[in-house]
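Accompanying notes for the structure given below.
Below, read A as the first sequence line, B as the second, and so on, with proteins coming before strands; counting in each chain starts at 1.
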Number of protein chains: 2
Amino acid sequence: MTVSRVAQKERTRRAILDAALDLSASSTLVALSLRQVAKEVGIVPTAFYRHFPSIEDLGLALVEESLDTLRALLRELRRTAGTDTGEIIDGSVAVLVEQVRHDHAHYAFIARERFAGPPTVREAIARGIELAERELATDLAHLPGTATWSEQDLQVLSELIVGAMVTTAERLLGTPTGSPAEQRVADTARIQLRMMLVGASNWRSQTG
Amino acid sequence: MTVSRVAQKERTRRAILDAALDLSASSTLVALSLRQVAKEVGIVPTAFYRHFPSIEDLGLALVEESLDTLRALLRELRRTAGTDTGEIIDGSVAVLVEQVRHDHAHYAFIARERFAGPPTVREAIARGIELAERELATDLAHLPGTATWSEQDLQVLSELIVGAMVTTAERLLGTPTGSPAEQRVADTARIQLRMMLVGASNWRSQTG
DNA sequence: AGATTGGGTGTACGTCCGTACACCGAAACT
DNA sequence: AGTTTCGGTGTACGGACGTACACCCAATCT
(Lines give C-alpha, C1' and ligand atoms only; values in the text may rest on other atoms or scores of the structure.)
Protein backbone atom coordinates (compact mmCIF):
# COMPACT_ATOMS: atom_id res chain seq x y z
CA MET A 1 0.00 0.00 0.00
CA THR A 2 1.58 3.18 -1.20
CA VAL A 3 0.85 6.63 0.18
CA SER A 4 0.60 9.72 -1.99
CA ARG A 5 3.59 11.96 -1.63
CA VAL A 6 1.64 15.16 -1.00
CA ALA A 7 -0.53 13.40 1.61
CA GLN A 8 2.54 12.12 3.43
CA LYS A 9 4.17 15.55 3.34
CA GLU A 10 1.01 17.15 4.70
CA ARG A 11 0.88 14.55 7.48
CA THR A 12 4.45 15.30 8.55
CA ARG A 13 3.79 19.03 8.36
CA ARG A 14 0.81 18.62 10.68
CA ALA A 15 2.89 16.53 13.07
CA ILE A 16 5.50 19.31 13.17
CA LEU A 17 2.87 21.97 13.87
CA ASP A 18 1.27 19.87 16.59
CA ALA A 19 4.61 19.05 18.19
CA ALA A 20 5.64 22.72 18.17
CA LEU A 21 2.33 23.79 19.70
CA ASP A 22 2.71 21.14 22.37
CA LEU A 23 6.37 21.74 23.17
CA SER A 24 6.16 25.54 23.20
CA ALA A 25 3.33 25.35 25.76
CA SER A 26 5.84 24.77 28.55
CA SER A 27 7.90 27.84 27.62
CA THR A 28 7.90 29.88 24.38
CA LEU A 29 8.56 29.69 20.68
CA VAL A 30 11.86 31.48 21.10
CA ALA A 31 13.01 28.79 23.53
CA LEU A 32 12.03 25.99 21.17
CA SER A 33 14.75 24.20 19.24
CA LEU A 34 14.50 22.65 15.85
CA ARG A 35 16.00 19.46 17.24
CA GLN A 36 13.39 19.13 19.97
CA VAL A 37 10.61 19.40 17.42
CA ALA A 38 12.26 16.93 15.04
CA LYS A 39 12.76 14.44 17.87
CA GLU A 40 9.13 14.73 18.98
CA VAL A 41 7.91 14.22 15.41
CA GLY A 42 10.27 11.32 14.83
CA ILE A 43 12.30 12.73 11.98
CA VAL A 44 15.95 13.65 11.72
CA PRO A 45 16.73 17.35 12.41
CA THR A 46 17.68 18.25 8.87
CA ALA A 47 14.37 16.92 7.53
CA PHE A 48 12.70 19.86 9.27
CA TYR A 49 13.91 22.15 6.48
CA ARG A 50 11.78 20.26 3.94
CA HIS A 51 8.77 21.94 5.58
CA PHE A 52 9.87 25.24 7.15
CA PRO A 53 12.94 27.44 6.63
CA SER A 54 13.15 28.16 10.37
CA ILE A 55 11.36 27.88 13.70
CA GLU A 56 10.17 31.44 13.24
CA ASP A 57 8.37 30.58 9.98
CA LEU A 58 6.82 27.63 11.79
CA GLY A 59 5.64 30.16 14.35
CA LEU A 60 4.02 32.31 11.68
CA ALA A 61 2.13 29.26 10.39
CA LEU A 62 0.93 28.60 13.95
CA VAL A 63 -0.20 32.22 14.23
CA GLU A 64 -2.25 31.83 11.05
CA GLU A 65 -3.86 28.68 12.41
CA SER A 66 -4.57 30.27 15.77
CA LEU A 67 -6.03 33.38 14.17
CA ASP A 68 -8.25 31.14 12.04
CA THR A 69 -9.51 29.64 15.28
CA LEU A 70 -10.14 33.14 16.62
CA ARG A 71 -12.08 34.07 13.49
CA ALA A 72 -14.12 30.89 13.87
CA LEU A 73 -14.99 32.09 17.37
CA LEU A 74 -16.18 35.45 16.05
CA ARG A 75 -18.19 33.72 13.31
CA GLU A 76 -19.80 31.48 15.91
CA LEU A 77 -20.62 34.56 18.00
CA ARG A 78 -22.35 36.21 15.04
CA ARG A 79 -24.25 33.01 14.22
CA THR A 80 -25.65 32.51 17.72
CA ALA A 81 -26.34 36.17 18.45
CA GLY A 82 -29.98 36.83 19.30
CA THR A 83 -31.65 40.21 19.35
CA ASP A 84 -31.97 40.72 23.09
CA THR A 85 -28.90 42.29 24.69
CA GLY A 86 -28.87 39.90 27.64
CA GLU A 87 -29.20 36.99 25.28
CA ILE A 88 -26.27 38.20 23.18
CA ILE A 89 -24.05 38.57 26.24
CA ASP A 90 -24.87 35.23 27.84
CA GLY A 91 -24.51 33.46 24.51
CA SER A 92 -21.22 35.17 23.71
CA VAL A 93 -19.60 34.28 27.02
CA ALA A 94 -20.84 30.70 26.77
CA VAL A 95 -19.37 30.38 23.28
CA LEU A 96 -16.12 31.98 24.43
CA VAL A 97 -15.72 29.51 27.29
CA GLU A 98 -16.57 26.60 25.03
CA GLN A 99 -14.15 27.65 22.29
CA VAL A 100 -11.28 28.36 24.66
CA ARG A 101 -11.76 24.87 26.10
CA HIS A 102 -11.97 23.31 22.67
CA ASP A 103 -8.93 25.06 21.17
CA HIS A 104 -7.04 25.63 24.38
CA ALA A 105 -3.63 25.24 22.74
CA HIS A 106 -4.28 27.91 20.12
CA TYR A 107 -5.46 30.51 22.62
CA ALA A 108 -2.60 29.75 24.97
CA PHE A 109 -0.22 30.13 22.06
CA ILE A 110 -1.59 33.57 21.22
CA ALA A 111 -1.49 34.68 24.86
CA ARG A 112 2.15 33.59 25.17
CA GLU A 113 3.50 34.84 21.88
CA ARG A 114 1.58 38.11 21.77
CA PHE A 115 4.29 39.79 23.83
CA ALA A 116 7.05 37.21 24.11
CA GLY A 117 7.29 35.82 20.59
CA PRO A 118 9.70 36.83 17.83
CA PRO A 119 8.96 40.33 16.45
CA THR A 120 7.36 39.05 13.24
CA VAL A 121 5.09 36.78 15.27
CA ARG A 122 4.08 39.63 17.59
CA GLU A 123 3.22 41.81 14.61
CA ALA A 124 1.18 39.08 12.94
CA ILE A 125 -0.85 38.60 16.13
CA ALA A 126 -1.33 42.35 16.57
CA ARG A 127 -2.59 42.65 13.00
CA GLY A 128 -4.97 39.75 13.50
CA ILE A 129 -6.46 41.32 16.62
CA GLU A 130 -6.83 44.69 14.90
CA LEU A 131 -8.62 42.98 12.05
CA ALA A 132 -11.00 41.32 14.49
CA GLU A 133 -11.71 44.71 16.03
CA ARG A 134 -12.53 46.25 12.66
CA GLU A 135 -14.79 43.37 11.70
CA LEU A 136 -16.63 43.68 14.98
CA ALA A 137 -17.06 47.41 14.38
CA THR A 138 -18.85 46.77 11.07
CA ASP A 139 -20.98 44.16 12.81
CA LEU A 140 -21.96 46.63 15.49
CA ALA A 141 -22.89 49.15 12.82
CA HIS A 142 -25.58 46.74 11.56
CA LEU A 143 -27.11 46.37 14.99
CA PRO A 144 -30.27 48.39 15.74
CA GLY A 145 -29.63 51.57 17.72
CA THR A 146 -26.15 52.29 16.39
CA ALA A 147 -27.25 54.24 13.32
CA THR A 148 -26.24 57.59 14.78
CA TRP A 149 -22.84 56.45 16.03
CA SER A 150 -19.67 57.83 14.54
CA GLU A 151 -17.14 55.44 13.07
CA GLN A 152 -14.76 56.27 15.89
CA ASP A 153 -17.38 55.46 18.52
CA LEU A 154 -17.89 52.04 16.95
CA GLN A 155 -14.16 51.46 16.77
CA VAL A 156 -13.63 52.36 20.42
CA LEU A 157 -16.43 50.09 21.58
CA SER A 158 -15.03 47.28 19.43
CA GLU A 159 -11.64 47.70 21.07
CA LEU A 160 -13.22 47.55 24.48
CA ILE A 161 -15.18 44.40 23.67
CA VAL A 162 -12.26 42.61 22.01
CA GLY A 163 -9.99 43.66 24.87
CA ALA A 164 -12.46 42.24 27.37
CA MET A 165 -12.72 39.03 25.35
CA VAL A 166 -8.94 38.63 25.21
CA THR A 167 -8.61 39.29 28.93
CA THR A 168 -11.36 36.78 29.64
CA ALA A 169 -9.78 34.17 27.38
CA GLU A 170 -6.45 34.64 29.15
CA ARG A 171 -8.13 34.25 32.54
CA LEU A 172 -9.96 31.13 31.40
CA LEU A 173 -6.64 29.59 30.39
CA GLY A 174 -5.64 29.69 34.05
CA THR A 175 -8.76 27.97 35.37
CA PRO A 176 -9.75 24.27 35.22
CA THR A 177 -12.81 23.31 33.18
CA GLY A 178 -16.03 23.47 35.20
CA SER A 179 -14.26 24.88 38.25
CA PRO A 180 -15.73 27.59 40.50
CA ALA A 181 -12.93 29.82 39.28
CA GLU A 182 -14.13 29.34 35.71
CA GLN A 183 -17.64 30.28 36.80
CA ARG A 184 -16.32 33.44 38.44
CA VAL A 185 -14.40 34.42 35.32
CA ALA A 186 -17.51 33.89 33.20
CA ASP A 187 -19.65 35.87 35.64
CA THR A 188 -17.15 38.72 35.61
CA ALA A 189 -17.08 38.70 31.81
CA ARG A 190 -20.88 38.91 31.66
CA ILE A 191 -20.92 41.83 34.07
CA GLN A 192 -18.21 43.60 32.14
CA LEU A 193 -19.95 43.16 28.78
CA ARG A 194 -23.24 44.27 30.29
CA MET A 195 -21.62 47.39 31.70
CA MET A 196 -19.99 48.19 28.40
CA LEU A 197 -23.02 47.63 26.18
CA VAL A 198 -25.57 49.25 28.49
CA GLY A 199 -23.17 51.98 29.53
CA ALA A 200 -22.16 52.67 25.95
CA SER A 201 -25.71 52.91 24.60
CA ASN A 202 -26.74 55.37 27.32
CA TRP A 203 -23.61 57.42 27.46
CA ARG A 204 -22.80 57.51 23.77
CA SER A 205 -26.27 58.62 22.77
CA GLN A 206 -25.90 61.57 25.12
CA THR A 207 -22.49 62.80 24.06
CA GLY A 208 -21.92 61.40 20.55
CA MET B 1 40.51 54.43 47.28
CA THR B 2 38.92 51.22 48.46
CA VAL B 3 35.29 50.24 47.92
CA SER B 4 33.23 48.46 50.56
CA ARG B 5 32.62 44.82 49.71
CA VAL B 6 28.84 44.92 50.23
CA ALA B 7 28.57 48.08 48.12
CA GLN B 8 30.53 46.48 45.32
CA LYS B 9 28.45 43.33 45.49
CA GLU B 10 25.25 45.37 45.37
CA ARG B 11 26.57 47.27 42.38
CA THR B 12 27.29 44.09 40.45
CA ARG B 13 23.91 42.66 41.44
CA ARG B 14 22.19 45.75 40.06
CA ALA B 15 24.21 45.50 36.86
CA ILE B 16 23.06 41.89 36.46
CA LEU B 17 19.42 42.83 37.02
CA ASP B 18 19.65 45.71 34.55
CA ALA B 19 21.41 43.60 31.95
CA ALA B 20 18.82 40.83 32.29
CA LEU B 21 15.94 43.30 31.98
CA ASP B 22 17.55 44.81 28.92
CA LEU B 23 18.50 41.56 27.20
CA SER B 24 15.23 39.77 27.89
CA ALA B 25 13.33 42.65 26.26
CA SER B 26 14.13 41.32 22.81
CA SER B 27 12.77 37.86 23.59
CA THR B 28 12.05 36.24 26.99
CA LEU B 29 13.61 35.19 30.24
CA VAL B 30 13.51 31.55 29.19
CA ALA B 31 15.56 32.40 26.10
CA LEU B 32 18.15 34.28 28.16
CA SER B 33 21.47 32.62 28.85
CA LEU B 34 23.65 33.07 31.87
CA ARG B 35 26.61 33.69 29.59
CA GLN B 36 24.88 36.51 27.71
CA VAL B 37 24.12 38.26 30.98
CA ALA B 38 27.64 37.78 32.30
CA LYS B 39 29.14 39.11 29.07
CA GLU B 40 26.89 42.20 29.16
CA VAL B 41 27.79 42.89 32.80
CA GLY B 42 31.46 42.33 32.16
CA ILE B 43 32.06 39.43 34.49
CA VAL B 44 33.05 35.85 33.84
CA PRO B 45 30.11 33.38 33.57
CA THR B 46 30.84 31.52 36.78
CA ALA B 47 30.80 34.76 38.77
CA PHE B 48 27.06 34.92 38.12
CA TYR B 49 26.54 32.26 40.79
CA ARG B 50 27.87 34.61 43.48
CA HIS B 51 24.60 36.51 43.10
CA PHE B 52 21.89 34.13 41.84
CA PRO B 53 21.62 30.33 41.81
CA SER B 54 20.01 30.39 38.35
CA ILE B 55 18.45 32.61 35.69
CA GLU B 56 15.06 31.67 37.06
CA ASP B 57 15.90 33.07 40.49
CA LEU B 58 17.12 36.22 38.77
CA GLY B 59 13.71 36.31 37.11
CA LEU B 60 11.95 36.11 40.47
CA ALA B 61 14.01 39.05 41.71
CA LEU B 62 12.95 41.00 38.62
CA VAL B 63 9.32 40.10 39.29
CA GLU B 64 9.64 41.51 42.80
CA GLU B 65 11.13 44.72 41.47
CA SER B 66 8.49 45.06 38.78
CA LEU B 67 5.68 44.39 41.23
CA ASP B 68 7.16 47.05 43.50
CA THR B 69 6.87 49.42 40.58
CA LEU B 70 3.26 48.35 40.09
CA ARG B 71 2.53 48.98 43.77
CA ALA B 72 4.12 52.41 43.46
CA LEU B 73 1.69 53.08 40.64
CA LEU B 74 -1.28 52.13 42.80
CA ARG B 75 0.06 54.24 45.67
CA GLU B 76 0.40 57.18 43.30
CA LEU B 77 -3.16 56.61 42.10
CA ARG B 78 -4.44 56.73 45.69
CA ARG B 79 -2.41 59.85 46.42
CA THR B 80 -3.71 61.84 43.45
CA ALA B 81 -7.30 60.63 43.62
CA GLY B 82 -9.81 63.46 43.97
CA THR B 83 -13.42 63.11 45.02
CA ASP B 84 -15.13 63.70 41.70
CA THR B 85 -15.48 60.56 39.55
CA GLY B 86 -14.36 62.26 36.37
CA GLU B 87 -11.38 63.69 38.19
CA ILE B 88 -10.39 60.27 39.52
CA ILE B 89 -10.57 58.71 36.06
CA ASP B 90 -8.64 61.42 34.23
CA GLY B 91 -6.00 61.50 36.95
CA SER B 92 -5.66 57.72 37.02
CA VAL B 93 -5.14 57.38 33.30
CA ALA B 94 -2.66 60.26 33.28
CA VAL B 95 -0.68 58.62 36.08
CA LEU B 96 -0.83 55.26 34.31
CA VAL B 97 0.57 56.70 31.08
CA GLU B 98 3.26 58.57 32.95
CA GLN B 99 4.34 55.55 35.01
CA VAL B 100 4.38 53.17 32.06
CA ARG B 101 6.64 55.63 30.25
CA HIS B 102 8.85 56.05 33.28
CA ASP B 103 9.24 52.35 34.10
CA HIS B 104 8.72 50.99 30.63
CA ALA B 105 11.09 48.07 31.11
CA HIS B 106 9.32 46.78 34.22
CA TYR B 107 5.87 46.85 32.64
CA ALA B 108 7.14 45.24 29.46
CA PHE B 109 8.78 42.55 31.59
CA ILE B 110 5.50 41.77 33.36
CA ALA B 111 3.57 41.71 30.08
CA ARG B 112 6.07 39.29 28.54
CA GLU B 113 6.61 36.95 31.44
CA ARG B 114 3.01 36.84 32.66
CA PHE B 115 2.24 34.04 30.21
CA ALA B 116 5.60 33.13 28.71
CA GLY B 117 7.91 33.04 31.71
CA PRO B 118 9.00 30.05 33.79
CA PRO B 119 6.12 28.61 35.88
CA THR B 120 7.39 30.07 39.15
CA VAL B 121 7.65 33.50 37.53
CA ARG B 122 4.12 33.25 36.13
CA GLU B 123 2.78 32.32 39.54
CA ALA B 124 4.60 35.18 41.25
CA ILE B 125 3.13 37.65 38.76
CA ALA B 126 -0.36 36.18 39.10
CA ARG B 127 -0.13 36.49 42.89
CA GLY B 128 1.04 40.08 42.61
CA ILE B 129 -1.88 41.02 40.39
CA GLU B 130 -4.36 39.28 42.68
CA LEU B 131 -2.93 41.19 45.60
CA ALA B 132 -3.34 44.46 43.72
CA GLU B 133 -6.97 43.53 43.05
CA ARG B 134 -7.64 42.83 46.71
CA GLU B 135 -6.00 46.08 47.79
CA LEU B 136 -8.07 47.99 45.30
CA ALA B 137 -11.20 46.29 46.62
CA THR B 138 -10.54 47.57 50.15
CA ASP B 139 -9.86 51.02 48.69
CA LEU B 140 -13.18 50.98 46.87
CA ALA B 141 -14.93 49.99 50.09
CA HIS B 142 -13.79 53.28 51.64
CA LEU B 143 -15.24 55.32 48.79
CA PRO B 144 -18.61 57.00 49.36
CA GLY B 145 -21.55 55.13 47.84
CA THR B 146 -20.15 51.64 48.21
CA ALA B 147 -21.35 51.02 51.76
CA THR B 148 -24.09 48.64 50.67
CA TRP B 149 -21.90 46.62 48.30
CA SER B 150 -21.13 42.99 49.02
CA GLU B 151 -17.52 41.91 49.25
CA GLN B 152 -17.93 39.94 46.05
CA ASP B 153 -19.26 42.98 44.21
CA LEU B 154 -16.21 44.96 45.23
CA GLN B 155 -13.92 42.12 44.22
CA VAL B 156 -15.51 41.81 40.78
CA LEU B 157 -15.26 45.53 40.14
CA SER B 158 -11.64 45.48 41.26
CA GLU B 159 -10.89 42.71 38.80
CA LEU B 160 -12.50 44.69 36.02
CA ILE B 161 -10.56 47.82 36.84
CA VAL B 162 -7.20 46.07 37.25
CA GLY B 163 -7.87 44.10 34.06
CA ALA B 164 -8.56 47.34 32.21
CA MET B 165 -5.41 48.90 33.65
CA VAL B 166 -3.28 45.94 32.62
CA THR B 167 -4.76 45.92 29.12
CA THR B 168 -4.17 49.65 28.85
CA ALA B 169 -0.58 49.31 30.04
CA GLU B 170 0.06 46.59 27.48
CA ARG B 171 -1.41 48.76 24.73
CA LEU B 172 0.69 51.73 25.83
CA LEU B 173 3.82 49.62 25.50
CA GLY B 174 3.10 49.33 21.79
CA THR B 175 2.72 53.07 21.17
CA PRO B 176 5.39 55.81 21.00
CA THR B 177 5.37 58.54 23.64
CA GLY B 178 3.14 61.46 22.73
CA SER B 179 1.88 59.79 19.56
CA PRO B 180 -1.75 59.97 18.35
CA ALA B 181 -1.94 56.23 19.04
CA GLU B 182 -1.04 56.90 22.68
CA GLN B 183 -3.79 59.51 22.83
CA ARG B 184 -6.29 57.03 21.45
CA VAL B 185 -5.29 54.37 23.98
CA ALA B 186 -5.66 56.91 26.80
CA ASP B 187 -9.04 58.05 25.48
CA THR B 188 -10.25 54.46 25.25
CA ALA B 189 -9.09 53.78 28.79
CA ARG B 190 -10.96 56.81 30.10
CA ILE B 191 -14.14 55.72 28.35
CA GLN B 192 -13.79 52.21 29.65
CA LEU B 193 -13.24 53.32 33.25
CA ARG B 194 -16.15 55.74 33.00
CA MET B 195 -18.42 52.99 31.72
CA MET B 196 -17.36 50.65 34.48
CA LEU B 197 -17.65 53.10 37.36
CA VAL B 198 -20.87 54.76 36.23
CA GLY B 199 -22.35 51.49 35.00
CA ALA B 200 -21.40 49.69 38.18
CA SER B 201 -22.88 52.29 40.52
CA ASN B 202 -26.21 52.30 38.67
CA TRP B 203 -26.51 48.64 37.97
CA ARG B 204 -25.10 47.30 41.24
CA SER B 205 -27.39 49.40 43.36
CA GLN B 206 -30.34 47.90 41.51
CA THR B 207 -29.44 44.22 41.72
CA GLY B 208 -26.93 43.93 44.60
C1' DA C 1 49.95 41.90 61.74
C1' DG C 2 48.15 37.72 60.51
C1' DA C 3 44.13 34.83 59.24
C1' DT C 4 39.79 34.59 56.97
C1' DT C 5 36.24 35.63 53.71
C1' DG C 6 34.25 35.99 49.38
C1' DG C 7 33.65 38.28 44.71
C1' DG C 8 35.82 37.55 40.54
C1' DT C 9 39.07 34.66 37.32
C1' DG C 10 40.55 30.93 33.92
C1' DT C 11 40.38 26.40 32.30
C1' DA C 12 38.01 22.44 31.05
C1' DC C 13 34.19 19.18 30.36
C1' DG C 14 30.10 17.19 28.18
C1' DT C 15 25.79 18.52 25.95
C1' DC C 16 22.85 20.66 22.78
C1' DC C 17 22.39 23.65 19.12
C1' DG C 18 21.81 25.01 13.77
C1' DT C 19 23.06 23.51 9.55
C1' DA C 20 26.21 22.00 5.49
C1' DC C 21 26.86 17.98 2.69
C1' DA C 22 26.43 13.60 0.34
C1' DC C 23 23.30 10.11 0.02
C1' DC C 24 19.01 6.87 -0.35
C1' DG C 25 14.67 4.93 -2.24
C1' DA C 26 10.15 5.19 -3.65
C1' DA C 27 6.47 8.02 -5.73
C1' DA C 28 5.64 10.64 -9.84
C1' DC C 29 6.48 11.89 -14.35
C1' DT C 30 7.74 10.99 -19.52
C1' DA D 1 10.64 1.23 -18.58
C1' DG D 2 13.63 4.79 -17.66
C1' DT D 3 14.23 9.18 -15.56
C1' DT D 4 13.36 12.67 -12.37
C1' DT D 5 11.78 14.53 -8.07
C1' DC D 6 11.93 14.98 -3.30
C1' DG D 7 11.01 13.71 1.74
C1' DG D 8 13.86 11.65 4.84
C1' DT D 9 18.70 9.80 6.43
C1' DG D 10 23.46 9.95 8.60
C1' DT D 11 27.65 12.14 9.44
C1' DA D 12 30.20 15.99 10.72
C1' DC D 13 31.40 20.65 12.03
C1' DG D 14 32.01 24.84 14.89
C1' DG D 15 29.83 27.43 18.41
C1' DA D 16 27.22 28.41 22.60
C1' DC D 17 25.54 26.58 26.57
C1' DG D 18 25.66 25.33 32.06
C1' DT D 19 28.70 24.37 35.45
C1' DA D 20 32.58 21.88 38.17
C1' DC D 21 37.06 22.98 39.92
C1' DA D 22 41.25 25.22 41.48
C1' DC D 23 42.88 29.58 42.02
C1' DC D 24 43.69 34.81 43.17
C1' DC D 25 43.76 38.89 46.05
C1' DA D 26 41.81 42.76 48.42
C1' DA D 27 38.38 43.94 51.99
C1' DT D 28 37.26 42.38 56.47
C1' DC D 29 37.82 40.23 60.86
C1' DT D 30 40.62 38.92 65.12
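- With respect to the salt-bridge test (charged N to carboxylate O, under 4.0 angstrom), the residues B/E76 and B/R79 qualify.
- Residue-level contact check: B/S54 touches neither bases nor backbone, having no heavy atom under 4.0 Å from any strand.
- Ion pairing between a basic and an acidic side chain is recognised when a charged N comes within 4.0 Å of a carboxylate O; B/R127 and B/E130 show no such pairing.
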I'd like to know whether B/T167 forms a side chain to side chain contact (heavy atoms under 4.5 Å, CB included) with B/Q192, so could you lay out the CA-CA distance, the side-chain angles of the two residues, the decisive distance to 0.1 Å, and finally the verdict.
CA-CA 11 Å; B/T167 301; B/Q192 185 168 15; 5.8 Å; no
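- The two residues B/I43 and B/A47 have their closest heavy-atom pair at CD1-CB, 4.0 Å.
- Straight-line distance from the CZ atom of B/R13 to the P atom of C/dG6: 17 Å, rounded to whole Å.
- With a 3.5 Å limit on both pairing distances and Watson-Crick or G-U wobble geometry required, the stems of 3 or more pairs in DNA chain D span C:1-30 with D:1-30.
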Could you run down the sub-3.5 Å N/O contacts of the protein with nucleotides 14-16 of chain C?
none

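- Across every non-hydrogen atom of B/R112 and B/S24, the tightest pair is NH2-OG, 2.8 Å.
- Taking the charged nitrogens against the carboxylate oxygens, A/D68 and A/R71 do have a contact shorter than 4.0 Å, which makes a salt bridge.
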Can you give one letter per nucleotide of nucleotides 1-8 of chain D, going 5' to 3': B for a protein heavy atom under 4.0 Å from the base, S for sugar-phosphate only, - for none?
----BSBB
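- Taking the nucleotide of DNA chain D with the nearest heavy atom to each of B/S4 and B/L32, the more 5' of the two is matched to B/L32.
- Looking at A/R190 and A/D187, a side-chain N of the basic residue comes within less than 4.0 Å of a carboxylate O on the acidic one, giving a salt bridge.
- Using a 4.5 Å heavy-atom cutoff, the side chains of A/E10 and A/V6 are not in contact.
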